[in-house]
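Notes follow the structure.
Both backbone and side-chain heavy atoms feed into the values below; hydrogens, waters and symmetry mates do not. Each chain gets a letter, A, B and so on, in the order the sequences are listed, and its residues count up from 1.
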Amino acid sequence: MSGKRKNFDSENDDLKKMKTNGHWSNGLLSAMEDPELIVQSNSKLVVIQDKFPKAEFHYLIIPREDIHSLKAVDKSHLELLKYMHNIGERLTQEPRHQSRTFKMGYHAEASMTRLHLHVISDDMNSPCLKTKKHWNSFTTHFLLDSKEVCENLEKYGKIKLLSSEYCKKMMDTPLKCHKCDYIPKTMPDLKKHIMKHLK
DNA sequence: GTTCTAGAAC
DNA sequence: GTTCTAGAAC
């Protein structure tokens with residue numbers, strides 16, 4: 001019984017590994033080829049729905065160019081990043097997003113390979129948003145604003161990255177509602193509270 | 001990135 | 001006893 005269960009699990013793992021090119025951190029590379037996730041695509045980039053959305057609307061804008069992360073971005077990518085920003089802006093203005101507010105930004109330290117721009121509605125209402133890390137990664141300065149990233153690249157020829165210490169500090173920020181001064185005791189408490197801000 | 005779960009917190 | 005967080009995953 002338990003032996004059979006183990007076999008089943010390892011077969012599942014093998015399937016997952018094939019899809020993720022050997023490691024979970026490559027998951028975006030297969031996600032950007034998944035027709036069920038693709039929202040739009042062209043020769044420069046692919047827009048997908050985040051597989052585990054942290055809000056009611058959560059998209060990823062992923063360049064086709066193999067840029068590993070923000071650390072690999074230099075001035076030669078300025079036009080591409082501006083273009084990604086513009087595509088994001090256009091996306092937020094589509095009819096189904098009417099009366100929604102969005103944030104657009106890059107995680108200072110991303111887990112998944114291939115540069116990706118988060119476009120996320122500010123409701124933060126999603127069953128996939130479960131942990132303090134999830135919360136703080138979108139509600140603190142851990143999320144580097146797309147417009148600011150573009151401006152820094154344009155003005156200084158490089159992006160202001162955050163030290164790993166500062167990233168850790170952002171992740172350890174005590175929970176706080178992003179729309180008012182409410183201080184929740186726990187994540188379930190916070191998730192209940194944010195319902196009050198839904199329209 | 002997620003899942004799972006031990007043990008901390010309540 | 002139950003809820004919740006946080007660290008391992010070979």
Side-chain angles (χ1 to χ4, degrees), chain A residues 1-39 45-63 66-73 84 88 103-121 124-144 146 161-162 164-178 182-195:
Chain A
M1 191 77 167
S2 63
K4 195 145 194 163
R5 175 73 199 163
K6 199 174 181 182
N7 269 339
F8 180 75
D9 283 349
S10 55
E11 279 169 30
N12 258 353
D13 287 348
D14 289 344
L15 283 172
K16 276 183 196 165
K17 278 178 185 170
M18 267 192 275
K19 282 186 180 173
T20 55
N21 197 18
H23 194 268
W24 59 262
S25 63
N26 293 315
L28 285 185
L29 303 183
S30 46
M32 61 194 286
E33 290 174 1
D34 183 344
E36 297 207 353
L37 296 176
I38 294 173
V39 175
L45 55 77
V46 179
V47 181
I48 63 170
Q49 294 192 271
D50 193 297
K51 210 167 177 178
F52 298 90
K54 304 305 188 293
E56 291 176 13
F57 297 93
H58 186 183
Y59 306 96
L60 301 179
I61 299 181
I62 313 171
D66 187 13
I67 304 168
H68 186 267
S69 72
L70 272 187
K71 288 175 188 167
V73 171
M84 289 165 68
K103 281 188 182 181
M104 293 201 290
Y106 300 87
H107 278 159
E109 281 177 347
S111 302
M112 308 286 273
T113 258
R114 182 63 63 87
L115 184 72
H116 53 283
L117 173 61
H118 290 274
V119 180
I120 183 167
S121 56
M124 307 308 286
N125 179 38
S126 166
C128 297
L129 198 163
K130 296 174 178 175
T131 68
K132 182 178 186 176
K133 187 174 177 176
H134 289 155
W135 183 263
N136 283 338
S137 74
F138 288 104
T139 60
T140 71
H141 194 55
F142 186 84
L143 187 72
L144 301 176
S146 170
L161 298 169
L162 304 183
S164 60
E165 288 76 18
Y166 191 74
C167 289
K168 201 167 288 177
K169 190 180 162 188
M170 290 300 97
M171 285 311 170
D172 288 342
T173 303
L175 293 177
K176 184 195 167 300
C177 177
H178 61 319
Y182 182 69
I183 307 292
K185 288 189 169 60
T186 63
M187 277 304 294
D189 184 11
L190 174 56
K191 288 175 69 64
K192 207 178 295 176
H193 167 81
I194 60 175
M195 303 299 282

Check your understanding: Is any side-chain heavy atom of A:Thr139 less than 4.5 Å from a side-chain heavy atom of A:Asn136?
Key -> yes
Check your understanding: Out of C:dA6, C:dT5, B:dG1, which nucleotide sits closest to the side chain of A:Trp24?
Key -> B:dG1
Review point. Which nucleotide sits closest to the side chain of A:Lys132: B:dG1, C:dT5, C:dA6?
Key: C:dA6
Check your understanding: Heavy atoms under 4.0 Å, any strand shown: does A:Ser25 hit a base, just sugar-phosphate, or nothing?
Key -> nothing
Review point. CE of A:Met187 versus P of C:dT2: gap in Å, rounded?
Key: 24 Å
Check your understanding: Rounded to the nearest Å, what distance is computed from the CG atom of residue A:Asp172 to the P atom of nucleotide C:dG7?
Key -> 9 Å
Review point. Centroid-to-centroid, A:His58 to A:Phe138, below 6.0 Å?
Key: yes
Check your understanding: Is B:dT2 paired to anything, Watson-Crick or G-U wobble with both distances less than 3.5 Å, and if yes, which nucleotide?
Key -> C:dA9
Check your understanding: Quick one: is B:dT2 close enough that its OP1 or OP2 comes under 4.0 Å of any side-chain N or O from A:His134?
Key -> yes
Practice item. Please state how far atom CE in A:Met171 lies from atom P in C:dG7, giving the value in whole angstrom units. Key: 14 Å
Practice item. May I ask you to test the A:Lys176-A:Trp135 pair for a side-chain heavy-atom distance under 4.5 Å? Key: no
Practice item. Check the distance between B:dG1's C1' and A:His23's NE2 and give it to me in whole angstrom. Key: 10 Å
Exercise for review: Nearest whole angstrom, please: distance from the P of C:dA6 to the CG of A:Asn136.
Suggested key: 11 Å
Review point. Reckon A:Lys185 has a side-chain N or O less than 4.0 Å from the OP1 or OP2 of C:dT5?
Key: no
Review point. What is the distance, rounded to the nearest whole Å, between atom CH2 of A:Trp135 and atom P of C:dA6?
Key: 16 Å
Exercise for review: May I have the distance from A:Lys192 (atom NZ) to C:dT3 (atom P), rounded to whole angstrom?
Suggested key: 11 Å
Revision key, fill the gap. Side chain to side chain contact (heavy atoms under 4.5 Å, CB included) with A:Leu45: of A:Ile62, A:Leu60, A:Ile61, only one passes, and it is A:Ile61
Review point. A:Pro188 has a side chain; which of B:dG1, B:dT3, C:dC4 sits nearest to it?
Key: C:dC4
Exercise for review: For the side chain of A:Lys130, starting at C-beta, report the closest nucleotide among B:dT3, C:dA6, B:dG1.
Suggested key: B:dT3
Study note, to complete from the structure: From the candidates B:dG1, C:dT5, B:dT3, the one with an atom nearest any side-chain atom of A:Lys133 is B:dG1
Practice item. Answer whether the closest heavy-atom distance between the side chains of A:Ser146 and A:Met84 falls below 4.5 Å. Key: no
Practice item. Find the distance A:Leu190:CG to C:dT3:P and express it as a whole number of Å. Key: 19 Å
